[in-house]
Amino acid sequence: MVNKKFSNKILLALVYIFLYAPIAVLIFYSFNESRLRGSFTGFSLKWYRLLFEDPEIISALYNTIMIAILSTLISTVLGTFASIGIYSTSSRKAKLILNINYLPVLNPDIVTAVSLMALFKFMSLKFGFNTMLISHIIFSTPYVVLSILPKLKQINPHLIEAALDLGAKPFYAIVKIIIPEIMPGIVNGALMAFTLSIDDFVISFFNTGHGVSNLSIAVYSMAKRGINPSINALSTIMFAVMISLLLVINRRTKEEVSV
């Protein structure tokens, strides 16, 4: 029994090494003074400094943050009211709407990206910042809905009925009773939307225009021009941000479960 547990731990360790060894190497060489990846000539922050002196990267960083913030705010509002609407409908209609909500989640990113691109072309929209923002809102909103619905099911329905019986308007009851009760789910949904927006490449690549790119597209463009150590620095920063957000989400989820 002891040997079996020990072998399972070794197997688990090997799996994690296999998954994270490339990332560890990337982070290690992001601090390499030399441009060559094969030799480590000394510790340096040169590539991080050059990274933030690159106007292309600064522009991509600005677009990434702005699109992530705006899409998170809009998709969180839409997802919150959509979740309340689904919760308030009959069981059969709620299942139908929820199944429709699953489609963007289960669809491959390439299918969603090409579909949105075709829609924007059909509507004769100019590709650029706005089309990328709309596409991020569309693919983030279903995740927000899935984060909020479980919290809605935990609400005591008698609270809403009591508020309405006491003369509260439906919108007032939503703002003052429902939303405070489901706030942890709203925050988790917002964090999920923000994470998805920063991390996205495929949907952004197909729905952007000339001169508008986010960090993932910038990394792709830099990689096509050849090996650049700045890519290691940028990838390290993106990895650190994503890990931080995931840790926050996991911590909030554990706190909710313990409560």
Side-chain angles (χ1 to χ4, degrees), residues 20 22-75 109-110 112-121 124-140 191-246:
Y20 291 102
I23 299 176
V25 172
L26 180 145
I27 295 173
F28 176 76
Y29 279 106
S30 71
F31 298 102
N32 186 13
E33 186 178 8
S34 173
R35 187 181 182 88
L36 301 177
R37 295 185 182 181
S39 59
F40 188 85
T41 58
F43 180 86
S44 175
L45 296 174
K46 175 175 66 175
W47 304 114
Y48 288 88
R49 177 176 55 81
L50 293 176
L51 177 68
F52 287 102
E53 291 177 356
D54 189 338
E56 181 183 351
I57 295 299
I58 297 301
S59 175
L61 178 62
Y62 173 80
N63 290 333
T64 300
I65 294 175
M66 289 301 298
I67 289 175
I69 292 174
L70 292 174
S71 65
T72 297
L73 292 175
I74 297 173
S75 62
D109 285 349
I110 186 67
T112 303
V114 174
S115 301
L116 289 171
M117 181 179 67
L119 176 64
F120 295 145
K121 285 187 175 181
S124 299
L125 294 179
K126 183 180 179 181
F127 283 82
F129 184 91
N130 291 333
T131 53
M132 189 189 294
L133 175 61
I134 294 171
S135 64
H136 279 229
I137 293 170
I138 290 174
F139 84 80
S140 297
L191 288 172
M192 182 67 71
F194 189 80
T195 303
L196 290 170
S197 179
I198 289 181
D199 189 49
D200 177 72
F201 168 74
V202 176
I203 292 176
S204 300
F205 182 78
F206 279 88
N207 293 283
T208 188
H210 178 70
V212 180
S213 63
N214 57 9
L215 285 176
S216 57
I217 297 176
V219 171
Y220 175 74
S221 300
M222 291 168 66
K224 287 198 301 182
R225 294 195 294 265
I227 298 174
N228 188 336
S230 295
I231 297 177
N232 296 340
L234 180 58
S235 300
T236 300
I237 294 172
M238 293 181 67
F239 176 75
V241 172
M242 301 307 298
I243 286 294
S244 300
L245 289 174
L246 289 174

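Since this is a predicted model, take the numbers as computed values, not measurements. Residue numbers start at 1 and run along the sequence shown. Values reported hereafter were calculated over all heavy atoms of this structure, with side chains retained and with hydrogens, waters and symmetry mates removed.
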* Positive for side chain to side chain contact (heavy atoms under 4.5 Å, CB included) with T64, one of I69, N214, I217, D199 -> N214
* Heavy atoms, side chains only, cut-off 4.5 Å: are S135 and T131 in contact? -> no
* Structure fact -> Distance col, row M66:CE vs S71:OG, nearest 0.5 angstrom, shows 10.5 Å
* To do: Look at the rings of Y220 and F205 and say which category their plane angle falls in: under 30° parallel, 30 to 60° tilted, over 60° perpendicular.
  => perpendicular
* **Option among L133, L116, N207 that satisfies the side chain to side chain contact (heavy atoms under 4.5 Å, CB included) test with I138** => L116
* S197 side-chain N/O to A193 backbone N/O, donor-acceptor pair under 3.5 Å -> no
* To do: Would you check, one step at a time, whether the test side-chain contact (heavy atoms from CB on, under 4.5 Å) holds for V212 with F127?
  => CA-CA 9 Å; V212 180; F127 283 82; over 6 Å; no
* L234, L45, N232 screened by side chain to side chain contact (heavy atoms under 4.5 Å, CB included) with S30, the one that passes -> N232
* To do: Using the side-chain contact (heavy atoms from CB on, under 4.5 Å) rule, take F120 and I134 through it: C-alpha gap first, then chi angles, then the decisive distance, then the call.
  => CA-CA 10 Å; F120 295 145; I134 294 171; 3.8 Å; yes
* **side-chain contact (heavy atoms from CB on, under 4.5 Å) partners for D54, two or more places apart** => E56, I57
* Pairwise distance CH2(W47) to CG(N32) - rounded to 0.5 angstrom -> 8.5 Å
* To do: Supply the atom-to-atom distance I67 CD1 to T208 OG1, rounded to the nearest 0.5 angstrom.
  => 7.0 Å
* **Interatomic distance, Y62 atom OH to L215 atom CG [nearest 0.5 angstrom]** => 14.0 Å
* Kindly compute the distance separating CG (D200) from OG1 (T112), expressed to the nearest 0.5 Å. => 10.0 Å
* Asked: Within a strict 4.5 Å, meaning less than it, do heavy atoms of the F201 and D109 side chains meet?
  -> no
* **Polar side-chain atom of T195 near backbone of L191 as donor-acceptor pair, under 3.5 Å** => yes
* Do you know the tightest heavy-atom contact between E33 and K46? -> O-NZ, 3.0 Å
* **Separation of I203 CD1 from F139 CZ (nearest 0.5 Å)** => 5.0 Å
